[in-house]
**Student:** 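Following this message is one structure expressed as structure tokens.
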Amino acid sequence: MNNLLISEPPLQVLPSLAKIVGLNEAIVLQQFHYWLERSNNTRDGYRWIYNSYSKWNEQFPFWSNATLRRTINNLEKQGFFITANYNKAGFDKTKWYRIDYERVSNASAQNEQTSCSKCASASAQNEQTNTNRLPETTTETNNNTSDNKSDHIQYKQIIDYLNEKAGKHFKNVESNKKLIRARWHEGYRLDDFKKVIDNKVLDANDANSFFTAKYLQPSTLFGNKFDQYLNQQIKPKVEKGTKSYGGVEF
């Protein structure tokens with residue numbers, strides 16, 4: 001039997017939930033719901049679950065630890081997760097989680113209301129223009145539709161920041177946008193792209209580094225090593241002959 005077909009308990013996700021909170025967030029939210037229904041940890045009238053990030057990562061081995069942290073934090077910021085600390089040891093900062101099911105219901109209701117409103121508007125508009133022909137489907141039309149769905153991706157800001165920091169002149173073209181889009185769909189955002197650019201610009205200025213200015217390009221920075229570059233610890237370059245004492249250079 002093909003080992004890529006389901007022969008183990010699968011992770012589940014509803015497309016309608018993914019549409020509301022995002023695909024990664026929907027997968028995590030569903031998995032937390034699964035464990036909450038089986039949890040015996042009851043505090044203040046609610047069921048709670050807790051785990052370290054490394055243990056959670058075992059349930060989502062297809063994501064990096066940084067992606068999982070970002071996804072869980074997104075759900076917490078949006079109010080879908082409520083956190084607390086019921087640990088017996090004061091030094092134990094492991095978070096306890098429960099789902100705000102009312103928040104999920106409200107988000108679902110709001111999405112349905114928006115969808116119905118759009119349907120009504122579209123229906124009224126169609127009645128007014130039912131004599132117009134639909135535009136022909138062309139490659140250009142399809143490309144524009146794809147771009148519209150990704151409007152929120154900050155392509156220009158990212159490319160402009162790279163050009164500013166690296167002294168380059170890269171264009172906001174599809175080949176560069178494709179790389180940015182891939183990382184964006186993995187959960188990275190503008191600040192992450194800026195951090196990678198800053199890290200590698202510093203790296204390129206280090207005489208002892210193999211990473212030189214020629215590598216300061218989208219195909220290198222925004223490729224498969226993006227997460228590695230994001231978490232790279234690089235010390236700022238210190239000018240020769242400069243000494244410091246107590247944080248003051250002289």
Side-chain angles (χ1 to χ4, degrees), residues 4 11 13 15 17-32 53-54 56-78 80-81 142-206 209-236:
L4 292 180
L11 292 172
V13 61
L17 178 61
K19 184 179 178 182
I20 296 171
V21 301
L23 178 57
N24 289 1
E25 286 76 6
I27 294 173
V28 171
L29 190 58
Q30 177 62 50
Q31 190 70 353
F32 275 42
Y53 279 113
S54 59
W56 283 126
N57 223 163
E58 292 177 6
Q59 298 187 40
F60 309 99
F62 41 84
W63 288 331
S64 67
N65 187 273
T67 298
L68 179 58
R69 283 176 177 267
R70 188 177 299 106
T71 303
I72 293 176
N73 287 337
N74 284 343
L75 286 166
E76 186 176 346
K77 288 177 182 177
Q78 294 180 61
F80 294 105
F81 282 164
N142 290 337
N143 287 341
N144 288 339
T145 301
S146 176
D147 283 344
N148 288 338
K149 291 180 179 178
S150 302
D151 289 2
H152 62 287
I153 302 179
Q154 296 168 291
Y155 298 112
K156 186 176 186 302
Q157 292 92 324
I158 293 169
I159 294 297
D160 286 350
Y161 191 81
L162 172 57
N163 288 336
E164 176 189 346
K165 294 297 181 178
K168 304 288 185 177
H169 302 282
F170 294 109
K171 303 295 184 183
N172 191 23
V173 295
E174 181 58 29
S175 58
N176 293 333
K177 290 166 69 175
K178 182 178 180 181
L179 293 163
I180 295 173
R181 188 182 305 122
R183 304 290 78 81
W184 196 278
H185 287 169
E186 289 176 350
Y188 299 100
R189 292 298 179 261
L190 180 60
D191 287 345
D192 298 318
F193 284 89
K194 287 184 175 181
K195 179 70 180 300
V196 166
I197 292 168
D198 289 341
N199 280 351
K200 301 317 290 180
V201 167
L202 284 173
D203 202 0
N205 290 331
D206 186 348
S209 173
F210 74 90
F211 196 96
T212 60
K214 71 178 182 179
Y215 295 120
L216 295 174
Q217 52 185 309
S219 60
T220 303
L221 300 177
F222 309 147
N224 295 330
K225 291 186 177 181
F226 187 89
D227 195 65
Q228 176 183 326
Y229 293 157
L230 177 63
N231 292 282
Q232 186 175 355
Q233 299 296 322
I234 298 178
K235 295 181 179 179

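Sequential numbering from 1 along the given sequence is applied to the chain's residues.
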**Student:** Look up atom CZ in F170 and atom OG in S219, then write down how far apart they are to the nearest 0.5 Å.
**Tutor:** 7.5 Å
**Student:** Ignoring hydrogens, what is the shortest heavy-atom contact between I153 and H185? Give both atom names and the distance.
**Tutor:** CD1-NE2, 4.1 Å
**Student:** Please report the shortest heavy-atom distance between L190 and Q157, naming the atom on each side.
**Tutor:** CD1-CB, 4.0 Å
**Student:** Roughly how far apart are E186 CD and R70 CZ, rounded to 0.5 Å?
**Tutor:** 9.5 Å
**Student:** Taking all non-hydrogen atoms of both residues, which atom of D227 and which atom of A66 are closest, and how far apart?
**Tutor:** OD1-CB, 3.4 Å
**Student:** Are L11 and Q59 packed together at the side-chain level, in the sense that at least one heavy-atom pair is separated by less than 4.5 angstrom?
**Tutor:** no
**Student:** Find the distance between NZ (K165) and CD1 (I197) and round it off to the nearest 0.5 Å.
**Tutor:** 9.5 Å
**Student:** In terms of side-chain heavy atoms, does R69 have a donor or acceptor partner in N65 at a distance below 3.5 Å?
**Tutor:** yes
**Student:** Would you mind reporting whether N172 and N176 have side-chain heavy atoms less than 4.5 Å apart?
**Tutor:** no
**Student:** Could you walk me through whether V173 and Y155 pass the side-chain contact (heavy atoms from CB on, under 4.5 Å) test, one step at a time?
**Tutor:** CA-CA 9 Å; V173 295; Y155 298 112; over 6 Å; no
**Student:** Should the pair R181-E174 be classified as a salt bridge under the 4.0 Å nitrogen-to-oxygen rule?
**Tutor:** yes
**Student:** So do the side chains of L221 and Y215 get within less than 4.5 Å of each other, counting heavy atoms only?
**Tutor:** no
**Student:** Search all heavy atoms of A213 against all heavy atoms of A204 and return the closest pair with its distance.
**Tutor:** N-CB, 3.9 Å
**Student:** In the structure I gave you, are the side-chain heavy atoms of F81 and L29 within less than 4.5 Å of one another anywhere?
**Tutor:** yes
**Student:** How many angstroms lie between CG in L230 and CG in D191, if you round to the nearest 0.5 Å?
**Tutor:** 10.0 Å
**Student:** Using a 4.5 Å cut-off on heavy atoms from C-beta on, say whether the side chain of Y161 contacts that of D198.
**Tutor:** yes
**Student:** As a quick check of understanding, evaluate side-chain contact (heavy atoms from CB on, under 4.5 Å) for F211 and T220, giving each step before the final call.
**Tutor:** CA-CA 10 Å; F211 196 96; T220 303; 4.0 Å; yes
**Student:** Below 30° counts as parallel, above 60° as perpendicular, anything between as tilted: where do the rings of F193 and W184 land?
**Tutor:** parallel
**Student:** Run the side-chain contact (heavy atoms from CB on, under 4.5 Å) test on L23 and I27 for me, step by step, so that the C-alpha distance in whole Å, both residues' side-chain angles and the decisive distance to 0.1 Å come before the verdict.
**Tutor:** CA-CA 6 Å; L23 178 57; I27 294 173; 4.3 Å; yes
**Student:** Does the side chain of I159 come within less than 4.5 Å of K171's, by heavy atoms?
**Tutor:** no
**Student:** So with a 6.0 Å cut-off around NZ of K168, is the heavy-atom count from everything else above 12?
**Tutor:** yes
**Student:** Is the backbone of Y188 close enough, under 3.5 Å, to the side chain of D192 for a donor and an acceptor to pair up by distance?
**Tutor:** no
**Student:** Quick one: does V28's side chain get under 4.5 Å of W63's, heavy atoms only?
**Tutor:** yes
**Student:** May I ask you to decide whether D203 forms a salt bridge with K200, counting only side-chain N to carboxylate O separations under 4.0 Å?
**Tutor:** yes
**Student:** Side chains of N24 and F60, heavy atoms from C-beta outward: is any pair under 4.5 Å?
**Tutor:** no
**Student:** Quick one: sort the F32 and W56 rings into parallel, tilted or perpendicular, breaks at 30° and 60°.
**Tutor:** parallel
**Student:** Quiz question: by atom type and distance under 3.5 Å, do the side chains of Q232 and N199 form a donor-acceptor pair?
**Tutor:** no
**Student:** Looking at every heavy atom in both V201 and L216, which two are closest together, and how far apart are they?
**Tutor:** N-CD2, 4.0 Å
**Student:** How many angstroms lie between CG in N163 and NZ in K156, if you round to the nearest 0.5 Å?
**Tutor:** 9.5 Å
**Student:** List the atom of E58, the atom of P61, and the distance in Å for their closest heavy-atom pair.
**Tutor:** O-CD, 3.6 Å
